[in-house]
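Contents: one structure, followed by commentary.
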Number of protein chains: 2
Amino acid sequence: MSDPLDAIFAALADPTRRAILSMLLEDDMAVTDVAAPFDMSLAAVSKHLVILTRAGLIAQEKRGRVKWCKLDPDAMRRASVWMQGFGQFEPVNLDAFERFLAAELGGEAQKAE
Amino acid sequence: MSDPLDAIFAALADPTRRAILSMLLEDDMAVTDVAAPFDMSLAAVSKHLVILTRAGLIAQEKRGRVKWCKLDPDAMRRASVWMQGFGQFEPVNLDAFERFLAAELGGEAQKAE
DNA sequence: CGGATCGTCAACCGGATGGTTGAATATGCG
DNA sequence: CGCATATTCAACCATCCGGTTGACGATCCG
């Protein structure tokens, strides 16, 4: 797996891991809390977190005996950029993007078109 | 693998399959021609194409004894939309986004910060 | 018809993946 | 100190994955 995209897409291919990422979107969490909603052992979730970390999708920081997990946007961005090359069919003007644009530019921004 | 995203991301996780998609970006191709540049058997490439097809990333159409492969943008777009949900926390740093911003606002845009 | 080309199928193999359990390693706390 | 909590490690297991080879079904063409 030399290409980092291999690890990134492989990490995203598992529904448990995608669910974890969604959870982390709302808040940073400790490993035990990440594992709570899943019907599997803590060790299994811990391994998922290792995979996400190696893919660069999350970062883990140990404070005391608790290891905190937070999203790391870089990897997702790289994957997104790669996919963007195929987006020529339908350019980037997704709803989320436009909403973001509006928020980012604030009220006084004048749209070009 | 009930969630279609499982199949899509799993398909994208393999470098051979991503290379195939890139090739198809330039032109529709027959299976044999898709296989040509790869150092593996035709059967192996054929299996990759099945995986890409099941993921909805490409479509295959048989004309005569030749099976043509073409990109199908829907699946990639679904994956992209899912990922877009993670772009909201630090979007301004994204290279692609900045390019998008620049293109969208044109030359006279003043950056907020 | 009969041979060549296109592509898949089937069986097989080694290695990766996703899960389990139980022991081990920190760290916090009374 | 000594116990509870947080997390990982190690071994193990079943299944999936990516590749191989050889046989097969289809289709074109001389």
Side-chain angles (χ1 to χ4, degrees), chain A residues 1-24 27-70 72 75, chain B residues 1-24 27-70 72 75:
Chain A
M1 287 232 271
S2 70
D3 191 331
L5 286 177
D6 291 8
I8 296 171
F9 283 125
L12 293 176
D14 186 275
T16 301
R17 288 192 289 263
R18 288 200 307 279
I20 290 174
L21 291 173
S22 294
M23 292 163 56
L24 292 179
D27 236 330
D28 299 357
M29 299 177 76
V31 172
T32 304
D33 297 325
V34 169
F38 296 102
D39 189 22
M40 71 181 69
S41 70
L42 179 62
V45 173
S46 178
K47 287 207 270 186
H48 280 302
L49 291 171
V50 168
I51 290 171
L52 288 169
T53 302
R54 282 214 255 261
L57 287 160
I58 69 171
Q60 291 181 288
E61 177 202 358
K62 191 169 173 183
R63 279 207 304 272
R65 61 179 165 174
V66 175
K67 204 167 192 178
W68 292 91
C69 309
K70 59 181 277 254
D72 187 348
Chain B
M1 287 231 273
S2 69
D3 190 330
L5 286 177
D6 291 8
I8 295 172
F9 283 125
L12 292 176
D14 186 275
T16 301
R17 290 193 288 263
R18 288 198 308 279
I20 291 174
L21 292 173
S22 294
M23 291 163 55
L24 293 178
D27 236 330
D28 299 358
M29 297 177 76
V31 174
T32 304
D33 296 326
V34 169
F38 296 103
D39 190 21
M40 69 181 69
S41 70
L42 177 62
V45 173
S46 177
K47 287 207 273 187
H48 281 303
L49 291 171
V50 167
I51 290 171
L52 288 169
T53 302
R54 283 215 253 263
L57 288 161
I58 69 171
Q60 291 182 287
E61 177 201 357
K62 191 170 174 183
R63 280 206 304 270
R65 60 180 165 175
V66 175
K67 205 168 190 177
W68 293 91
C69 308
K70 59 183 276 255
D72 187 348

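Please read these numbers as outputs of a predicted model, since none were measured by experiment. Chain A is the first sequence line, chain B the second, and so forth, proteins listed ahead of strands; every chain is numbered from 1.
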ask   = Is it true that a side-chain atom of B:Thr53 and a backbone atom of B:Leu49 form a donor plus acceptor pair closer than 3.5 Å?
value = yes

inquiry  = Check whether B:Arg18 reaches the backbone of B:Leu12 with its side chain - one donor and one acceptor, N or O, closer than 3.5 Å.
reply    = yes

Phosphate-side-chain proximity, [X] and [N], N/O vs OP1/OP2 below 4.0 Å:
{"X": "A:Arg65", "N": "C:dT25", "result": "no"}
{"X": "B:Arg63", "N": "D:dT27", "result": "no"}
{"X": "B:Lys67", "N": "C:dT8", "result": "yes"}
{"X": "A:Ser41", "N": "C:dT20", "result": "yes"}
{"X": "B:Ser46", "N": "C:dG7", "result": "no"}

message = Can you tell me how far apart CE (A:Met29) and CH2 (A:Trp68) are? Round to the nearest 0.5 Å.
response = 8.5 Å

remark   = Taken to the nearest 0.5 Å, the spacing of A:His48 NE2 from A:Cys69 SG works out to 13.0 Å

Output the rounded distance in Å from [atom1] ([X]) to [atom2] ([N]).
{"X": "B:Lys47", "N": "C:dC13", "atom1": "NZ", "atom2": "C1'", "answer": "11 Å"}
{"X": "A:Asp39", "N": "C:dG18", "atom1": "CG", "atom2": "P", "answer": "17 Å"}
{"X": "B:Glu61", "N": "C:dG7", "atom1": "CD", "atom2": "P", "answer": "13 Å"}
{"X": "B:Leu49", "N": "C:dC9", "atom1": "CG", "atom2": "C1'", "answer": "15 Å"}
{"X": "B:Ile20", "N": "D:dG19", "atom1": "CD1", "atom2": "C1'", "answer": "14 Å"}
{"X": "B:Asp14", "N": "D:dG19", "atom1": "CG", "atom2": "C1'", "answer": "11 Å"}
{"X": "B:Leu42", "N": "C:dC9", "atom1": "CG", "atom2": "P", "answer": "12 Å"}
{"X": "A:Phe9", "N": "D:dC17", "atom1": "CZ", "atom2": "P", "answer": "17 Å"}

Quiz item: B:Lys62 side-chain donor-acceptor pair to C:dG7 base, under 3.5 Å = no

key: Heavy-atom closest contact (B:Ala75 atom, B:Ala55 atom, distance)   = CB-O, 3.4 Å

remark   = On DNA chain C, more 5' by nearest nucleotide between A:Val66 and A:His48 is A:His48

ask   = Which comes earlier along DNA chain C counting from the 5' end, the contact point of B:Ala43 or that of A:Ile51, where each point is its nearest nucleotide?
value = B:Ala43

remark   = The nucleotide from D:dG19, C:dT20, D:dA6 with an atom nearest the side chain of A:Met40 is C:dT20

ask   = If you check the B:Thr16 side chain, which of D:dG19, C:dG19, D:dG18 turns out closest?
value = D:dG19

